[in-house]
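Read the structure below first, then the notes.
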There are 2 protein chains.
Amino acid sequence: MNADIRRPPTGDRPGILDVAALAGVSPATVSRSLRGQSKVAPETRQRVLDAARELSYVASPQASGLASGRTRAVAVVVPFITRWFFSTVVAGVTDVLRESGYDVILYHLGSAADRDRFFERMPLARRVDGILTLSMPLTDEHTLALRALDIPLVSVGSPVPGVPSVRIDEIAAAQTAVNHLIHQGHERIAFIAGVPDDPDFGFVSSELRHHGYRLALEAAGLSIDDNLSVAGPYGLDGGGIAMAQLLSGSVLPTAVFAEYDELAMGALWALRRAGLAVPHQMSVVGIDNHEMSQLMDLTTVAQSPHTQGTTAAHLLLESLASPTSTPPPEVVLPTHLVLRATSAPPFRRTAARKRR
Amino acid sequence: MNADIRRPPTGDRPGILDVAALAGVSPATVSRSLRGQSKVAPETRQRVLDAARELSYVASPQASGLASGRTRAVAVVVPFITRWFFSTVVAGVTDVLRESGYDVILYHLGSAADRDRFFERMPLARRVDGILTLSMPLTDEHTLALRALDIPLVSVGSPVPGVPSVRIDEIAAAQTAVNHLIHQGHERIAFIAGVPDDPDFGFVSSELRHHGYRLALEAAGLSIDDNLSVAGPYGLDGGGIAMAQLLSGSVLPTAVFAEYDELAMGALWALRRAGLAVPHQMSVVGIDNHEMSQLMDLTTVAQSPHTQGTTAAHLLLESLASPTSTPPPEVVLPTHLVLRATSAPPFRRTAARKRR
DNA sequence: ATCATCAATGAAAACGCTTCCACGAAGAAT
DNA sequence: ATTCTTCGTGGAAGCGTTTTCATTGATGAT
């Protein structure tokens, strides 16, 4: 019991020394006890725990991080936190990581400028133990910058070569949606994309879904009309804008496949404005099963962002625990068609003429 | 130029010593130069900057935090990140704070259990320089725990005594919505609340909006029927559930005021299911001007969560800069009625009978 | 010329932990 | 009994910065 030689460090918050003094042990033992680590006599540990609680001691993350080389924090890099998909993924991620005692530092990188500045200054250098990127459109430069950090990285949505990832089969999901329309008898099916006005954003999912759309059409022997593939800005508005573009074409499609539900909803809005009946005159299908989709009776291909979030978090925790597991796991989560009221067989003005 | 005696610290990332060596100065000067601080010769600073860039040196936040006592991080405590309101506030907050070089640590505290655990262990102790709480229903105990931290705190949505806050005038917003209905001639106006199933959650806004609702009715000389105030769970579903409850009452209201748009949308959905025409047979008004409200043509009282986020962030930055400014600022942001298609004068079956 | 002043810089002491290493005391093995 | 482990603990060296204080020329005032 010689630990009470020292006085409390600086007047403020209790330090590990105070706990050590109160428990009558060395700071080393306090540290060990508090982290439920090895070699501490149960009785000693209890004494330390009591002392810590009495002083309501909380170890300085800074100091322990500096000493241990770990930060107990994870960066979550997300382009648009306000989008349903992303906020839901983030919710899943935080729920899992909090359980494991990791803090989540949120990096909201909406614009290309944001991203460039971010990757240039690399504020994560020694700030986090791991990184989770959500559907981030990373340039090679960005990827390199991340790699240089040499810490575990998990990607949700967009595959990054050599990095564990969680995603859905974008192509298959798109095919599911389009096949559904084809089976209903649609032959002129439009595609609506919604991409950030950001020049170099290039959501991977957008391209893949478009690809799935084309594959499905081809497989059904339908011709592909590039005029039927339109894009609007990212988000709700984009759907309306893109739909307006379709509505101003020379020949209307009978169905629209929107690459995600928010676009589909925007499209529904435009159709209502335009006085076209859904699904009678126009079928609309999306991807997501956005929480609003039920309200709008939108036929869609469901995915679960929350599960993607929890899965990604678990993957990251694994990487954190054991540095290298080759090959990097790639989890592909299932999707399924949800039938609702915005899709129906096309209304054929002159059934005879259209049938071939 | 005696600084090259020391070797790089530990093999890994460059440390301040490496930069010092490369620039031929002392670590002290590097530290000063890099933070654009006082007294450094311009030429020297440039040399340091170049060296730092060449090594792509990034100071360890841990170490600098430990040494300086500042973390350059802010905690954002939010109950439901997936709700439009919260995600939008968070977006506003992060956009401002990133500009000032602060990291945002997200604490997602959905359930009472989460909150209790959080406030008990107080993981923010030395982790952040400031805290932003979004519509958190804090018990006195929680508030005390936060106060004990003795770091700047800003509250959005729910007022915490003695703490700077940003909010809207909940009562006035509710009155705006209800007055609108009253002016349209409605006399039986229902109130729909949506509260977490969490026993002790008690959103302050909910109570205040309910109060505004009653005030408006009283001011108009309308009787208050407690059967017309119903509550459902928090979120979209709640609106439908609450509406169903109203629809199963003995006498229907002619209008419904939902305390926020997501509830209103849920109510709209239930009404559609029930076959009641909106606004012909039932008017619906919400609060928020949720991004989906336009799509649903929902009459609502608009508020701007993004502005609330940016405002709160600025308030926090001020507190961070100058410890005490008395009295704590309380910013009340404006709201305004947005007229859309879900509200209209009541359809009177027998106009004579109902008129008094 | 001489001394006080000041700008620019370096040396070194924190900051509050973690963890390696050493050490003594028990118990196990011989 | 004696030596070998193992267990529980303390001492002390970092971890990578910031910051105080001292130092050194140089500048301006007397």
Side-chain angles (χ1 to χ4, degrees), chain A residues 1-21 23-48 51-52 55 57-72 125-127 129, chain B residues 1-21 23-48 51-52 55 57-72 125-127 129:
Chain A
M1 308 271 185
N2 60 345
D4 55 353
I5 305 170
R6 294 269 225 137
R7 287 284 74 207
T10 40
D12 230 358
R13 242 162 239 312
I16 199 173
L17 260 33
D18 301 280
V19 180
V25 296
S26 74
T29 301
V30 173
S31 175
R32 283 189 281 254
S33 305
L34 253 33
R35 250 150 342 107
Q37 257 191 2
S38 49
K39 327 290 183 173
V40 180
E43 183 213 332
T44 311
R45 161 160 309 162
Q46 192 53 52
R47 202 144 32 90
V48 171
L55 300 176
Y57 167 76
V58 179
S60 155
Q62 316 244 36
S64 66
L66 184 55
S68 70
R70 260 163 265 114
T71 67
R72 302 247 67 170
R126 282 136 152 163
R127 200 160 200 19
D129 292 342
Chain B
M1 307 271 184
N2 61 344
D4 54 354
I5 305 169
R6 295 267 227 140
R7 289 283 71 209
T10 40
D12 231 358
R13 239 161 243 311
I16 200 172
L17 261 33
D18 302 280
V19 180
V25 297
S26 74
T29 302
V30 173
S31 175
R32 283 189 279 253
S33 306
L34 252 34
R35 254 154 338 112
Q37 258 189 2
S38 49
K39 325 290 182 178
V40 180
E43 184 212 333
T44 310
R45 163 160 306 163
Q46 192 53 53
R47 202 143 31 92
V48 171
L55 299 176
Y57 167 76
V58 179
S60 154
Q62 316 246 34
S64 68
L66 182 55
S68 70
R70 260 163 265 115
T71 67
R72 302 250 55 162
R126 283 137 151 162
R127 197 156 200 25
D129 293 340

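All values reported here derive from a predicted model rather than from experimental measurement. Throughout, a chain's letter reflects where its sequence line sits, starting with A, and its residues are numbered from 1. Computation of the quantities below employed the complete heavy-atom set of this structure, encompassing side-chain atoms and omitting hydrogens, waters and symmetry-equivalent molecules.
- Comparing P42(B) and S60(A) against DNA chain C, the residue whose closest nucleotide sits nearer the 5' end is P42(B).
- For the pair R70(B) and dT17(D), the criterion of a side-chain N or O lying under 4.0 Å from OP1 or OP2 is not met.
- Distance CG (L66(A)) to P (dC15(C)): 14 Å, rounded to an integer number of Å.
- The side chain of R126(A) sits closest to dT17(D) out of dT17(D), dG10(C), dT19(D).
- Atom-to-atom, CD of E43(B) to P of dA8(C) comes out at 12 Å; the value is rounded to the nearest Å.
- L34(A) places its CG atom 13 Å from the P atom of dT19(C), with the value rounded to the nearest Å.
- Across all strands, S68(A) comes closer than 4.0 Å only to sugar-phosphate atoms, never to a base (heavy-atom distances).
- L55(A) places its CG atom 15 Å from the P atom of dG16(C), with the value rounded to the nearest Å.
- The side-chain heavy atoms of P42(B) and Q46(B), taken from C-beta on, include no pair separated by under 4.5 Å.
- With the end axes of the helix from dA1(C)-dT30(D) to dT30(C)-dA1(D) each set by five pairs, the angle from one to the other reads 40° at 10° resolution.
- For V40(A) against S33(A), the heavy-atom pair with the smallest separation is CG1-OG, 3.5 Å.
- The shortest distance between the side-chain N/O atoms of S26(B) and the OP1/OP2 oxygens of dG10(C) is below 4.0 Å.
- Scanning all heavy atoms of the two residues, the minimum distance from Q62(B) to R70(A) falls at NE2-O, 3.7 Å.
- For the pair R72(A) CZ and dC17(C) P, the computed distance is 16 Å after rounding to whole Å.
- Residue contacts for R32(B): at a heavy-atom cut-off of 4.0 Å it reaches a base atom on one of the strands shown.
- The base of dG8(D) has none of its N or O atoms less than 3.5 Å from a complementary donor or acceptor on the side chain of R45(A).
- Note on R13(A): every side-chain N or O is 4.0 Å or more away from OP1 and OP2 of dG16(C).
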task = Apply side-chain contact (heavy atoms from CB on, under 4.5 Å) to the pair R45(B) and V48(B), showing each step before the final yes or no.
result = CA-CA 5 Å; R45(B) 163 160 306 163; V48(B) 171; 5.7 Å; no
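- Going from atom CD of Q62(B) over to atom C1' of dT18(C) covers 12 Å, rounded to whole Å.
- Contact check, T29(B) against dG10(C): a side-chain N or O comes under 4.0 Å of OP1 or OP2.
- Of the residues listed (S60(B), P27(B), S64(B), S26(B)), the one engaging I16(B) in a side-chain contact (heavy atoms from CB on, under 4.5 Å) is P27(B), and it is the only one.
- The phosphate of dT19(D) (OP1 or OP2) has no side-chain N or O of S31(B) nearer than 4.0 angstrom.
- A donor-acceptor pair under 3.5 Å links the side-chain atoms of R126(B) to the main chain of V58(A), judged by distance alone.
- Along DNA chain C, the nucleotide nearest A67(B) and the nucleotide nearest V40(B) are compared for position; the residue whose nucleotide lies closer to the 5' end is V40(B).
- Looking at every heavy atom in both residues, V25(B) comes nearest to V30(B) through CG2-CG2, 3.7 Å.
- Distance I16(A) CD1 to dT19(C) C1': 11 Å, rounded to the nearest Å.
- Distances were taken from every side-chain heavy atom of A28(A) (C-beta onward) to each of dA12(D), dT9(C), dA12(C); the shortest belongs to dA12(D).
- Residue T44(B) has its side chain nearest to dA8(C) when only dT19(C), dA8(C), dT17(D) are considered.
- If you measure from atom CG of L17(A) to atom P of dG11(D), you get 11 Å, rounded to the nearest angstrom.
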